[in-house]
Amino acid sequence: MIIAMIFWGIAWTSGKVTMEHSSPQIAAFWRYFISFISIIPVVFYLKTSFKTDKVGVIYMILAGLLSAAFNYLFFVGLSHGEAGYGGTIVTSLVPLLTYVMSILILGTKVNSRQVVALSVGFFGAIILLRIPMDGLGFLNINSSYFLLCALVWAVVTILAQKASSRANPMLYTLIVFGITSFVNMIFAMPYHPFDFASLDSIFWWNILFIGLFSGTFSMTLFFISASHLGAHQAGVFMFIVPIGAIVSSWIVYDEKIMLSTIIGCLLSFVAVILFNTKKRFRANIKKN
């Protein structure tokens, strides 16, 4: 699980390198096309069930369309902003946005402890966006794409949760990868994605890393680990992603590691821990 999260973090830096050698449309297509092709044998090797229903299919189609939007925003954001900051802000905001949207849209009930957790997370988001220092300065082209990434992926996360009872996670991933790559291909066609001569080896090495290691390999490890640890416990490991993003971007691009980024990320991590922690004191008292 830790390896998978580190690969996801490094993918942000690798994606920025890719943007120096191609367009967002071309990179978006090849990233998920490689993931889609490479995950097919994994799905059959794991003897994944293909059973689902109409509602499950709808969830997967919507998730695929939104994943295509996220994929494009991912690369456009990296063409303008810093990889370390992008990987940190998206990873930190997605769980918080998911919880808030679940409460407002799905009517998820929360207790007082979870309200405190959301408050801590909200404060962490304020620090992460540097609002006390820069005000609304985060509403610029360097950050706006990352904020949209977080918002879109929060919706995808909710769709994945809704689809989890209707389709095997690996089947869900296969279908979403396929739809995402197809949609991104449509928008990439005017930019000639199959003109291989125009794409150098640096592009291919980085897009292969993103598609294979941070895509197929990491997603498979995540789902296998989640089946043993549980979704909530596995989700906590997501906060390893910023470490990979920050360290790799510092090494490759010498990006500065801001104190506000570290503090905001830590507060968001604490918020997720508090939100997912179940009270076991009564159970322990009864056992004693």
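Hydrogens, waters and symmetry mates are skipped; everything else that's a heavy atom, side chains included, is used.
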- prompt: Do V90 and V94 pass the side chain to side chain contact (heavy atoms under 4.5 Å, CB included) test, and can you show the C-alpha distance, the side-chain angles, and the key distance before you say yes or no?
  reply: CA-CA 6 Å; V90 173; V94 166; 4.0 Å; yes

Value rounded to 0.5 Å, distance of [atom1] in [X] from [atom2] in [Y]:
| X | Y | atom1 | atom2 | answer |
| --- | --- | --- | --- | --- |
| I34 | I39 | CD1 | CD1 | 13.5 Å |
| F146 | L73 | CZ | CG | 10.0 Å |
| L93 | T98 | CG | OG1 | 10.0 Å |
| E82 | I246 | CD | CD1 | 10.5 Å |
| S198 | H21 | OG | NE2 | 13.0 Å |
| I58 | R166 | CD1 | CZ | 9.0 Å |

Side-chain contact test, heavy atoms from C-beta onward, threshold under 4.5 Å: evaluate it for [X] versus [Y] and give yes or no.
| X | Y | value |
| --- | --- | --- |
| I61 | L65 | yes |
| K162 | V55 | no |
| S67 | I179 | no |

Do [X] and [Y] sit in one hydrophobic cluster, given that two such residues count as connected whenever their side-chain heavy atoms are within less than 4.5 Å of each other, even indirectly?
| X | Y | result |
| --- | --- | --- |
| I89 | L148 | yes |
| I6 | V17 | no |
| W12 | Y253 | no |
| I186 | I37 | yes |
| W205 | W8 | no |

query: Is atom CZ of F213 surrounded by more than 12 heavy atoms (other residues, nucleotides or ligands) closer than 6.0 Å?
result: no

message: Among F36, F194, F75, exactly one meets ring pair (Phe, Tyr, Trp, His ring centres under 6.0 Å) together with F29. Which residue is that?
response: F194

Candidate list F209, W204, Y191, test ring pair (Phe, Tyr, Trp, His ring centres under 6.0 Å), partner W30, passing option: W204

If you take all heavy atoms of [X] and [Y], which pair is closest and at what distance?
| X | Y | value |
| --- | --- | --- |
| V183 | A68 | CG1-CB, 3.7 Å |
| L199 | P193 | CD1-O, 4.0 Å |
| T52 | M60 | OG1-CE, 4.0 Å |

Side chain to side chain contact (heavy atoms under 4.5 Å, CB included) evaluation trace for F203 with E20: CA-CA 8 Å; F203 168 81; E20 297 174 353; over 6 Å; no

Side chain of [X], backbone of [Y]: donor and acceptor closer than 3.5 Å?
| X | Y | answer |
| --- | --- | --- |
| K16 | L78 | yes |
| S22 | M19 | no |
| S35 | G215 | no |
| S14 | I210 | no |
| S248 | A245 | yes |
| S79 | V76 | yes |
| S181 | F33 | no |

- prompt: Stepwise, does the ring pair (Phe, Tyr, Trp, His ring centres under 6.0 Å) test hold for F187 with F182?
  reply: CA-CA 9 Å; F187 288 96; F182 178 74; over 10 Å; no

task: Return yes if a side-chain donor-acceptor contact under 3.5 Å exists between T18 and N206, otherwise no.
output: no

message: Go through it in stages, so that I can follow the logic: the residues are Q25 and N184, the test is side chain to side chain contact (heavy atoms under 4.5 Å, CB included), and I'd like the CA-CA distance, side-chain angles, deciding distance and then a yes or no.
response: CA-CA 7 Å; Q25 292 81 3; N184 285 140; over 6 Å; no

task: Please lay out, stage by stage, how L151 and L147 fare under the test side chain to side chain contact (heavy atoms under 4.5 Å, CB included).
output: CA-CA 6 Å; L151 181 61; L147 293 175; over 6 Å; no

query: Cationic tip of R31 within the cone over F74's six-membered ring, i.e. under 6.0 Å and within 45° of the normal?
result: yes

Pairs under 3.5 angstrom only: tabulate donor-acceptor contacts from the side chains of residues 41-51 to other protein residues two or more places apart or in another chain.
residue : atom : partner : partner atom : Å
T48     : OG1  : V43     : O            : 3.0
S49     : OG   : K51     : N            : 3.3

Pairs where residues 54-73 contributes a residue and the test ring pair (Phe, Tyr, Trp, His ring centres under 6.0 Å) is met, not counting sequence neighbours: F70-W153

